[in-house]
Amino acid sequence: MPVDRHLPDFPWDTLAQAKAVANSHPDGIVDLSVGTPVDPTPQVVRDALITAADAPGYPQVWGTPDLREAISAWFARRRNAAGVDPDGVMPTIGSKELVAWLPTILGLGPGDAVGFPEIAYPTYDVGARIAGATPVPAQSTVQFGPRAPKLLWLNTPGNPHGQVLPIDHLAKVVRWARERGVIVASDECYAELDWRDGVDDLTTPSILDERVCGGDHTGLLSVYSMSKQSNMAGYRAAFVAGDPALVKRLVDFRKHAGMMAPWPVQRALLAAVQDDEHVAIQKERYRSRRNTLLGALRESGWRTDHSEAGLYLWATKGQPCRTTVDELAGKGILVAPGDFYGAAASAHVRVALTAPDERIEQAAARLTAD
């Protein structure tokens, strides 16, 4: 059977009617339905891209040594993971493609299970289906019973809800996985956007954190993207790091498939991962927008759950999410319904912080108008 017959409909296509309603608002739409950055790409990144624009030859699938060493240094500097081997680092063409293709690259197929959070971004499920494996959403490892998955996805901070998995929880998952020979891949692309009190200059814990894995990265992969923290979504600049043996398998497969990050993008990624200042500046932009929207939601009687990190507020009015989507569309605000992310999320909506300041202020005013 063709692979596409196993895939669900693209969820954002179901928002067409609500988007049309929101677009009809006299003061225009405030689109908070997707996490697409709207602020300028930092100059340090653009300069690096321009400098590398003369790129007549093929880039390296594995990435250049200086790029892999810089990513290793970033893990030590920002993620409390000092032992990341540069041989266990590889740039990717954005992080979504790795999420979608990892089960296939690892050789999973019929009879294999891929676990992922019960409330989660749809691509974990899609990646399992592409490989012909069985997608298994689960709230905890207990739900797997005696049949452990071959691959277990974690997502911290979580999309859509912004939940941060603490160190002790991550360590428990690592122990459970190693007892059963399970590969753990942790999608951590919002880690620099942590809103918890007392952690202003820290990131959320990584699966490669020494306190989580004891400095042993066997069977572990951390997936990271520069799209959110560096406004580089259009660059498709990301990387995976962890177990050198697993990364070598990825490199060997991708050589055959021609899956390589372009040379100018690798140079831009190098510049971005070496510069912390622009990340701190961008974080403050999002902090301001978050405070504005969070205050408006609370004033209007909404409840927000988790939302501890990342680019979204996970909000509910205690009613079906599609009802909430339609009500907000009438105010000219478009949000993502919780059912995009699993049946357990059917009473929530995801409200993105990714809109210009003026549109965020517009959304807050509309939320509190009545």
Engineer: Rounded at 0.5 Å granularity, tell me how far OG in Ser307 sits from CH2 in Trp195.
Structural biologist: 11.5 Å
Engineer: Which atoms form the tightest heavy-atom contact between Gln266 and Gly63, and what is the distance?
Structural biologist: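 Looking at all heavy atoms of both residues, the closest pair is OE1-CA, 3.4 Å.
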Engineer: Grab the two heavy atoms, one from Asp326 and one from Ala18, that are nearest each other, plus how far apart they are.
Structural biologist: OD1-CB, 4.4 Å
Engineer: I'd like to know if the side chain of Asp357 reaches the main chain of Ile360, judged simply by a donor and an acceptor atom lying under 3.5 Å from each other, with no hydrogens or angles considered.
Structural biologist: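 No, the answer is negative, given that no donor and acceptor are paired below the 3.5 Å cut-off.
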Engineer: For Leu208, does its backbone N or O pair with a side-chain atom of Ser206 as donor and acceptor, under 3.5 Å?
Structural biologist: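 Between the backbone of Leu208 and the side chain of Ser206 there is a qualifying donor-acceptor contact (under 3.5 Å).
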Engineer: Answer yes when Glu97 and Arg236 have at least one side-chain N-carboxylate O distance shorter than 4.0 Å, and no when they do not.
Structural biologist: no
Engineer: Looking only at non-hydrogen atoms, find the nearest pair between Leu220 and Leu246 and report the distance.
Structural biologist: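 Residues Leu220 and Leu246, closest heavy atoms: N-CD1, 4.2 Å.
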Engineer: Find the distance between OG (Ser225) and CG (Leu98) and round it off to the nearest 0.5 Å.
Structural biologist: 11.0 Å
Engineer: Could you pull out all residues at least two apart from Thr218 that satisfy side chain to side chain contact (heavy atoms under 4.5 Å, CB included)?
Structural biologist: Arg178, Asp216, Asp243
Engineer: Report, one line per pair, each donor and acceptor closer than 3.5 Å where one atom sits in a side chain of residues 43-50; sequence neighbours left out.
Structural biologist:
unit_1 : atom_1 : unit_2 : atom_2 : d
Gln43  : OE1    : Arg46  : NH2    : 3.4
Gln43  : NE2    : Asp47  : OD1    : 2.8
Arg46  : NE     : Thr41  : O      : 2.9
Arg46  : NH2    : Thr41  : O      : 3.2

Engineer: Verify, without hydrogens or angle tests, whether Thr292 (side chain) and Ser288 (backbone) share a donor-acceptor contact under 3.5 angstrom.
Structural biologist: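 Looks like yes, one N/O pair under 3.5 Å.
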Engineer: Would you say Asp187 and Tyr124 are linked by a side-chain donor-acceptor pair, where the criterion is simply a distance under 3.5 Å?
Structural biologist: yes
Engineer: Starting at CG of Leu313, measure out to NE2 of His306 and round the result to the nearest 0.5 Å.
Structural biologist: 13.0 Å
Engineer: According to side chain to side chain contact (heavy atoms under 4.5 Å, CB included), who are the partners of Ala76, at least two apart in sequence or on a separate chain?
Structural biologist: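 Expected list: Ala82.
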Engineer: Salt bridge check, Lys283 against Glu192: does any charged N sit closer than 4.0 Å to a carboxylate O?
Structural biologist: no
Engineer: Please collect all salt bridge (Lys or Arg N to Asp or Glu O under 4.0 Å) contacts where either partner lies in residues 149-176, sequence neighbours excluded, each pair once.
Structural biologist: Asp112-Lys150
Engineer: Taking the basic N atoms (NZ, or NE/NH1/NH2) and the acidic carboxylate oxygens, is any pair closer than 4.0 Å for Asp276 and Arg77?
Structural biologist: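 Arg77 and Asp276: salt-bridged.
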Engineer: Would you list the pairs meeting ring pair (Phe, Tyr, Trp, His ring centres under 6.0 Å) in which at least one residue belongs to residues 206-227, sequence neighbours left out?
Structural biologist: Trp74-Tyr224, Tyr224-Phe239
Engineer: Quick check against the 3.5 Å criterion: does Asn231 have a side-chain atom that pairs as donor or acceptor with the backbone of Pro40?
Structural biologist: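 Here the side-chain-to-backbone pair exists.
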Engineer: Can you list the residues that meet the salt bridge (charged side-chain N to carboxylate O under 4.0 Å, His left out) rule with Glu210, with sequence neighbours excluded?
Structural biologist: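 For Glu210 there are no salt bridge (charged side-chain N to carboxylate O under 4.0 Å, His left out) partners, ignoring immediate neighbours.
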Engineer: Using modelled atom types only, decide if a donor and an acceptor are shared between the side chain of Asn291 and the backbone of Leu293 within a distance under 3.5 Å.
Structural biologist: no
Engineer: Kindly state each residue pair satisfying salt bridge (Lys or Arg N to Asp or Glu O under 4.0 Å) with at least one member in residues 22-42, sequence neighbours excluded.
Structural biologist: Asp39-Arg289
Engineer: Strictly under 6.0 Å, is that where the ring centroids of His348 and Trp314 end up?
Structural biologist: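 They qualify: ring centres under 6.0 Å apart.
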Engineer: With a 3.5 Å distance limit and no angle check, can you tell me whether Arg366 reaches the backbone of Lys331 through a side-chain donor-acceptor pair?
Structural biologist: yes
Engineer: Who pairs with His161 by side-chain hydrogen bond (donor to acceptor under 3.5 Å, both in side chains), at least two apart in sequence or on another chain?
Structural biologist: none
Engineer: Can you tell me how far apart CD (Gln17) and CZ (Arg322) are? Round to the nearest 0.5 Å.
Structural biologist: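 Reported value, rounded in 0.5 Å steps: 10.5 Å.
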Engineer: Name all pairs fulfilling the ring pair (Phe, Tyr, Trp, His ring centres under 6.0 Å) condition that reach into residues 28-57, sequence neighbours left out, sorted by first residue then second.
Structural biologist: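 Residue pairs passing ring pair (Phe, Tyr, Trp, His ring centres under 6.0 Å), neighbours aside: none found.
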Engineer: Can you list every ring pair (Phe, Tyr, Trp, His ring centres under 6.0 Å) pair that touches residues 18-66, not counting sequence neighbours?
Structural biologist: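 Pairs touching residues 18-66 that pass the test: none.
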Engineer: Judged by atom type as modelled, is there a donor-acceptor pair below 3.5 Å linking the side chain of Ser72 to the main-chain atoms of Pro86?
Structural biologist: no
Engineer: How long is the straight-line distance from CD of Gln362 back to CG of Leu367, given to the nearest 0.5 Å?
Structural biologist: 11.0 Å
Engineer: Quick one: does Val184's side chain get under 4.5 Å of Val174's, heavy atoms only?
Structural biologist: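 Side-chain contact under 4.5 Å: no.
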Engineer: Salt-bridge test for Arg79 and Glu188: reply yes if a basic N is under 4.0 Å from a carboxylate O, no otherwise.
Structural biologist: yes
Engineer: Is the side chain of Ser300 donor-acceptor paired with the backbone N or O of Ala296 at a distance under 3.5 Å, no angle test?
Structural biologist: yes
Engineer: Only counting residues at least two apart or in another chain, list the ones meeting side chain to side chain contact (heavy atoms under 4.5 Å, CB included) with Thr134.
Structural biologist: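 Once residues adjacent in sequence are excluded, the partners of Thr134 under the side chain to side chain contact (heavy atoms under 4.5 Å, CB included) criterion are Val136.
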Engineer: About how many Å separate CH2 of Trp263 and CG of Leu67, when rounded to the nearest 0.5 Å?
Structural biologist: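 Going from CG on Leu67 over to CH2 on Trp263, the span is 9.0 Å.
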Engineer: Using only atom types and a distance under 3.5 Å, with no angle test, would you say the side chain of Asn23 pairs donor to acceptor with the backbone of Lys19?
Structural biologist: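 Yes, because the side chain of Asn23 sits within donor-acceptor range (under 3.5 Å) of the backbone of Lys19.
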Engineer: Report yes or no: does Arg350 contribute a side-chain atom to a donor-acceptor pair with the main-chain N or O of Phe340 at less than 3.5 Å?
Structural biologist: no
Engineer: Where is the tightest heavy-atom contact between Val38 and Pro356, given as atom of each residue plus distance?
Structural biologist: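 For Val38 and Pro356, the tightest heavy-atom pair comes out as CG2-N, 3.7 Å.
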Engineer: Would you tell me whether Thr156 and Gln163 have side-chain atoms, one donor and one acceptor, within less than 3.5 Å of each other?
Structural biologist: no
Engineer: Salt-bridged, Arg129 to Asp125, with N to O below 4.0 Å?
Structural biologist: yes
Engineer: Looking at residues at least two apart in the chain, or sitting in another chain, which of them share a ring-ring contact (aromatic ring centres under 6.0 Å, His included) with Phe116?
Structural biologist: none
Engineer: Any salt bridge between Asp305 and Arg303, counting N to O under 4.0 Å?
Structural biologist: yes
Engineer: Asp252 and salt bridge (charged side-chain N to carboxylate O under 4.0 Å, His left out): which partner among Lys248, Arg249, Arg254?
Structural biologist: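 Exactly one option meets the salt bridge (charged side-chain N to carboxylate O under 4.0 Å, His left out) with Asp252, and it is Lys248.
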